[in-house]
Each structure stands twice: as structure tokens, then as C-alpha cells.
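See below for the structure under consideration.
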Amino acid sequence: MIDPSILRTDPDSLRESQRRRGEDVTLIDRLVEADVAKRAAGLRFDELRSAQKEIGKQIGPLQGSLKKTPDAAKQAELDALMAQASTLADQVKAASAEADEMQALADALWLQVSNVVSLESPVGGEADFTVIEHVGTPRDFAAEGFEPRDHLDIGEILDAIDTGRGAKVSGSRFFYLKGMGAQLEFALLNLAMQQAAENGFIPMITPSLVLPSAMEGTGFLGQAAENVYRVESDDMYLVGTSEVPLAAYHSDEIIDVAELPLRYAGWSSCFRREAGSYGKDTRGIIRVHQFDKVEMFVFTTPEEAEAEHARLLQWEKDFIDALEIPYRVIDVATGDLGSSAARKFDIEAWIPTQQAYREITSTSNTTEFQARRLKIRLRDEQGVRPLATLNGTLCAMPRIIVAILENHQQPDGSVVLPHALRPFLGGKAAFTPRA
RNA sequence: GGAGGCGUCGCCUAGUCCGGUCUAUGGCGCCGCACUGCUAAUGCGGUUUGGGUUUCAACACCCAUCGGGAGUUCAAAUCUCCCCGCCUCCGCCA
């Protein structure tokens, strides 16, 4: 949700944002209308209720005195008041229902409005991103004299990835990490958490099942709803990222500005239905239904949000740098932001066998959007007001593993390990196939 | 899963039996002012959150808010019902 007062002061900025996203602009007009109706109905209720309370205040004492000393004139006065109060009660009831209805209508419309996009974001669809920079140089396998294998071939040579049995047990897009594959994930987890801790993040292990309010509050039940697993028997959702439980962690709280920024590094399994991606990335573990991820999540002041966003991106780069993977950074276009982000940067790793850059991290500035929905506020000298939240991927396991296996492979199928990872793997310099 | 207890505006707490100046008591903490070499102590005042009216703004005022929802009533923190959460004990369990 965004600041409702913008609707009265500057509705055009909302229309412009909707236009840039390629979303419904007339939604704003309906919202303006609903907002006016809501306030009018609320005012009617307030006034009637005030009158009702006024009469109620007279009834009590009057009844009290009548109890002690009966008095015909006072009794008549009381009867009149009661009659008046009775009709007023009916009017209050009707006005209350009306006000509730108008409120619900406006709320429902608000939930459909995505965050206001940053004016810095490139305008357009998925393909209209701008490339901010390239880091590292892709290896020239031709010059090295061999054809690179894709991550699944390497994973199978090392007996580290088993998608066949994943499918047998759980269906397509499920996999097992085995032996060196599992060790690699644990090493990555440790490296990621070590870096996060050094940068002031509090490590967190979060719930994977959440209530609807948490899912709604983080903005995942809008356009992204089809990719969310719902557990019908208990009306809960499986999270697609620990962003959800991390954001909701402070819901309904007011945080003193001295506590900010609050930085959390969450570790969780992530579940995604991947609806609408039939036929895409069907081989290997680039696109799967369940994976593990270390996610950075920050609560900070709206004023600091943009600078924090830059820091998150830098920390993501630091991590990928440490893994010696070539990549590029893109500024995601307005039409591809997701409903809660005002601005988003993705890091895309070079995947040799695809001759393409593929997304491995994503960091979003969600400004006050999630905080308003989840009722997370800060308190400072200005008073109580919404804070800003941001998120960024530190290490999404399967895609990082893909990038490591493909970029660091050797002709015999072995994989040289990035130096930063070796301390977490008993000093080992490479994974080599068992003879 | 069973039995019992509890949920009040940051924290603790009074109020709930028996509905009506509850406009929710008191303490702690916090903020401001006064006093004071400084600090402490003391005194006075303020301190839930959200919506709205008015205003340049502030002040002021109105409404809602006692875990959530529904109901009874002229009137609900208080009575009734449903739900949620926490605690204790029992059962089951990694």
C-alpha cells in the first residue's frame, strides 16, 4: 500500500506510475471516487454516533435520580430521550454498515495498486532493462580447447545433483543435492552467513509456512499469486522467499529510529509453483519448485532507503565476486518490477553453455509499500510514520551452484573451487569425479 | 488432542462479579519545564494508535480503539456466543 494522502495531493503521480508499469490507470480514478465516498460515509457515522453518545450521557444520571425519587416530569423526559436514542441507534447502525462497506471497497482497490515506481527505473517491459555494468570476463573455452558441459552433466559426473530421482519422488522440477553437491550448499551457506554477519546482519532461520496476512502484506497475493503454494487444509502458504517471514516479523510494531537500520539475513527453503513457465529451463536446477536461499532484509528510514539499496547491491556483488563468477548488473524496467518494488537491480551470472547472462540475485527497494500493509512504523522526532523495507538475495543455492559448476569446470569434469569457499570445505581446492 | 488459567493505550497494573462522567487507575520508563556548580533527587506538566473536521500550519474538536469478530442494549473493557494467542498440567512426538 502507498500513502493514501497522495491520492488527494497528487493523484497524477499515481496515474503516471501505473502507466509506466503497464497497469490499469483508471484504477486511480475509481480509487479517488471510493476515497471520497469513504470519508463522507465515515463522517456521517461519526456525527450520528456523537449525537447518540450525547443522549446516552443524559440517560444514566436521569435514571439514577428517578430510582431514588420518582418524578413524573423527569420520567416523561427520560421516555422522550429513550425514544430519541432508539431511533438514533438504528441510524447509527445503518451508517456504520455503510461506512464499513465504503471502507472495504476503498481497501480492496488499494490492494490492487502496486508501489509507485522510481522515476529512475527504465520504462518498459521485461526486455527493456538497462545494463549498469559487467564484472569479470567469461572464460574462452574454445581457446582452452574443450566444450563446456552444462551444470547437470557436471553434477552427474560428480554425483552431486540427481534430478531423475527428484522427479521420481516429487515430480518434475525437484532434485536432490548429494555428496559434494550438498557439501557445496553448506559451504555456500556458511560463507554467505559469515559475510552477512560481518555486514551487521542478524542471522535468522524463518518459518516456511505463513498465514495469509503475511503473504498479503508482502504483496505476493497480487499478480504473483499463481506462483504461491497454498495449503488448503490449514489456510496457510508456503513462502517463496524468507522475505515474507522477515518482513512480517515486525508487523504491527513501532520501532524506535535508534534501532534502525535493522538488518536480517534469513535462511529458508523457498517454494514456487513456477506456473506459466512450462517448457522453460526444464533441464537441470535453474528453475525448480523448492530450493534454499539466504536473503538479506532491511528495515530502515524512508530517507535512507535508496542508499541502503545501493549497499545491498554492493553486498550481493561482493558475494558473487568472492565466488569468482563473471556477471552483469541490470536496472530492471518498470513493467517487470513486481508489485511491491519501486526499483530493482538484478545480478545475472554468465552461463557458458547458454552463452547468456541469467538472473542469480535480485534486490528491491520496496520503500514504504510493505511497511504500510504490515503496519510497521518508526518513531522519531517527526512522530510515528511508516518505515522503508528492502530485500536482496545473498545466495540462492541452485543458481549459484549452476554458476560455480559451469564457470569453474575442467575438461575432466572436475570443478575448481573458488578460494573463498575452500575454508568451508576442509581446504579442498577442487571437486573431482570419483575414479 | 484433553483439562484449567490468562489476554487492558511501550512494560507492569486497577477496573470486569453487579453495564452508565472509564473522557480507562496507579507505578516504571520516556519527553518538556522548574529547582540545582554538574549529576542525582524532587516538583509540575505531557506521553496508545488510527481515521476525520477545521486550519497555511499549530492548537482545538469529533469518531474508533481494552487479543479479533459477531450479538444483546438507549448505552459494553464490563453481559452472551464464536475465533485467535499465551501460560500450567496431561497425552502424543522429532
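The figures here come from the full heavy-atom set of this structure, side chains too, leaving out hydrogens, waters and symmetry mates. Chain A is the first sequence line, chain B the second, and so forth, proteins listed ahead of strands; every chain is numbered from 1.
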Determine whether the side chains of A/Asp24 and A/Thr26 contain a donor N or O and an acceptor N or O closer than 3.5 Å. yes

Could you work out the separation of B/rC87 and B/rC31 based on their P atoms and round it to a whole Å? 33 Å

Applied to residues 196-207 of chain A, the side-chain hydrogen bond (donor to acceptor under 3.5 Å, both in side chains) test, sequence neighbours excluded, yields A/Asn199-A/Trp315

Between N or O atoms, less than 3.5 Å apart, protein on one side and nucleotides 70-81 of chain B on the other: list the pairs.
| residue | atom | partner | partner atom | Å |
| --- | --- | --- | --- | --- |
| B/rA75 | OP1 | A/Gln52 | NE2 | 3.4 |

Nearest-Å distance once atom P is located in both B/rG26 and B/rU80: 29 Å

Does B/rC66 have a Watson-Crick or wobble partner in any strand here, with both distances under 3.5 angstrom, and which is it? none

Side-chain N or O of A/Arg44 less than 4.0 angstrom from OP1 or OP2 on B/rC63? no

When both hydrogen-bonding distances must be under 3.5 Å and the geometry is Watson-Crick or G-U wobble, what is B/rG32 paired with, if anything? B/rC44

Quick one: label A/Lys375 by what it contacts on the DNA or RNA (base, sugar-phosphate, nothing), any heavy atom closer than 4.0 Å. nothing

Using atom P of each nucleotide, how far apart are B/rU36 and B/rU49 to the nearest Å? 34 Å

Which nucleotide, in any strand shown, forms a Watson-Crick or G-U wobble pair with B/rU23, with both distances under 3.5 Å? none

Any donor-acceptor pair under 3.5 Å from A/Arg15 side chain to A/Ile28 backbone: no

Nearest-nucleotide check on RNA chain B, A/Ser50 vs A/Ile254; residue mapping nearer the 5' end is A/Ile254

Expressed as a whole number of angstroms, how long is the span from A/Asp256:CG to B/rU47:C1'? 14 Å

Could you go over nucleotides 50-56 of chain B and give all protein N or O partners under 3.5 Å, atom names and distances?
| residue | atom | partner | partner atom | Å |
| --- | --- | --- | --- | --- |
| B/rG50 | OP1 | A/Arg377 | NH1 | 3.3 |
| B/rG51 | N2 | A/Asp46 | OD2 | 3.1 |
| B/rG52 | OP1 | A/Arg8 | NH1 | 3.3 |
| B/rG52 | OP1 | A/Arg8 | NH2 | 2.8 |

Over how many whole Å does the gap from A/Leu378 atom CG to B/rU49 atom P extend? 13 Å

Going by the angle between their ring planes, with limits at 30° and 60°, are A/Tyr264 and A/His250 parallel, tilted or perpendicular? tilted

Sorted by chain and residue number, the side chain to side chain contact (heavy atoms under 4.5 Å, CB included) partners of A/Val36 (sequence neighbours excluded) come out as A/Arg39

Worked check of salt bridge (Lys or Arg N to Asp or Glu O under 4.0 Å) between A/Glu274 and A/Arg173: CA-CA 9 Å; A/Glu274 294 299 342; A/Arg173 297 199 190 282; 5.8 Å; no

P-based separation of B/rA76 from B/rC59 [nearest Å]: 30 Å

Are side-chain N/O atoms of A/Ser340 and A/Asn115 paired as donor and acceptor at under 3.5 Å? no

Interatomic distance where NZ belongs to A/Lys57 and C1' belongs to B/rG20 [whole Å]: 11 Å

For A/Leu88 and B/rC63, what is the distance between atoms CG and P respectively, to the nearest whole Å? 12 Å

P atom, B/rC18 versus B/rC11: distance in rounded Å? 31 Å

Distance check, P atoms only: B/rG27 and B/rG43, in whole angstrom units. 10 Å

Report the residues that fulfil side chain to side chain donor-acceptor pair (under 3.5 Å) with A/Gln52, sequence neighbours left out, ordered by chain and then residue number. A/Arg49

Return the pairing partner of B/rU88 with a 3.5 Å limit on both distances, Watson-Crick or G-U wobble; otherwise return none. B/rA3

Separation between the C1' atoms of B/rG20 and B/rG15, rounded to whole Å: 15 Å

Rounding to the closest angstrom, what is the interatomic distance between B/rA77 and B/rU23 at atom P? 8 Å

Spacing of A/Lys53 atom NZ relative to B/rC61 atom C1', expressed in whole Å: 13 Å

With both distances under 3.5 Å as the test, what is the Watson-Crick or G-U wobble partner of B/rG71? B/rC79

Show the numbers, then the answer: is there a side-chain contact (heavy atoms from CB on, under 4.5 Å) between A/Leu238 and A/Leu209? CA-CA 5 Å; A/Leu238 278 164; A/Leu209 279 165; 3.7 Å; yes

Should A/Arg422 and A/Glu324 count as an ion pair when the cut-off is N to O under 4.0 Å? no

Let's test this: given Watson-Crick or G-U wobble pairing with both distances under 3.5 Å, identify the partner of B/rC61. B/rG52

Counting only pairs under 3.5 Å, give me each side-chain donor-acceptor contact of residues 306-314 of chain A, with atom names and distances, residues two or more places apart or in other chains.
| residue | atom | partner | partner atom | Å |
| --- | --- | --- | --- | --- |
| A/Glu308 | OE1 | A/Arg263 | NH2 | 3.0 |
| A/Glu308 | OE1 | A/Arg311 | NE | 2.8 |
| A/Glu308 | OE1 | A/Arg311 | NH2 | 2.9 |
| A/Glu308 | OE2 | A/Arg263 | NE | 2.7 |
| A/Glu308 | OE2 | A/Arg263 | NH2 | 3.4 |
| A/His309 | NE2 | A/Thr363 | O | 2.9 |
| A/Arg311 | NH2 | A/Glu304 | OE1 | 2.6 |
| A/Gln314 | NE2 | A/Asp318 | OD1 | 2.9 |

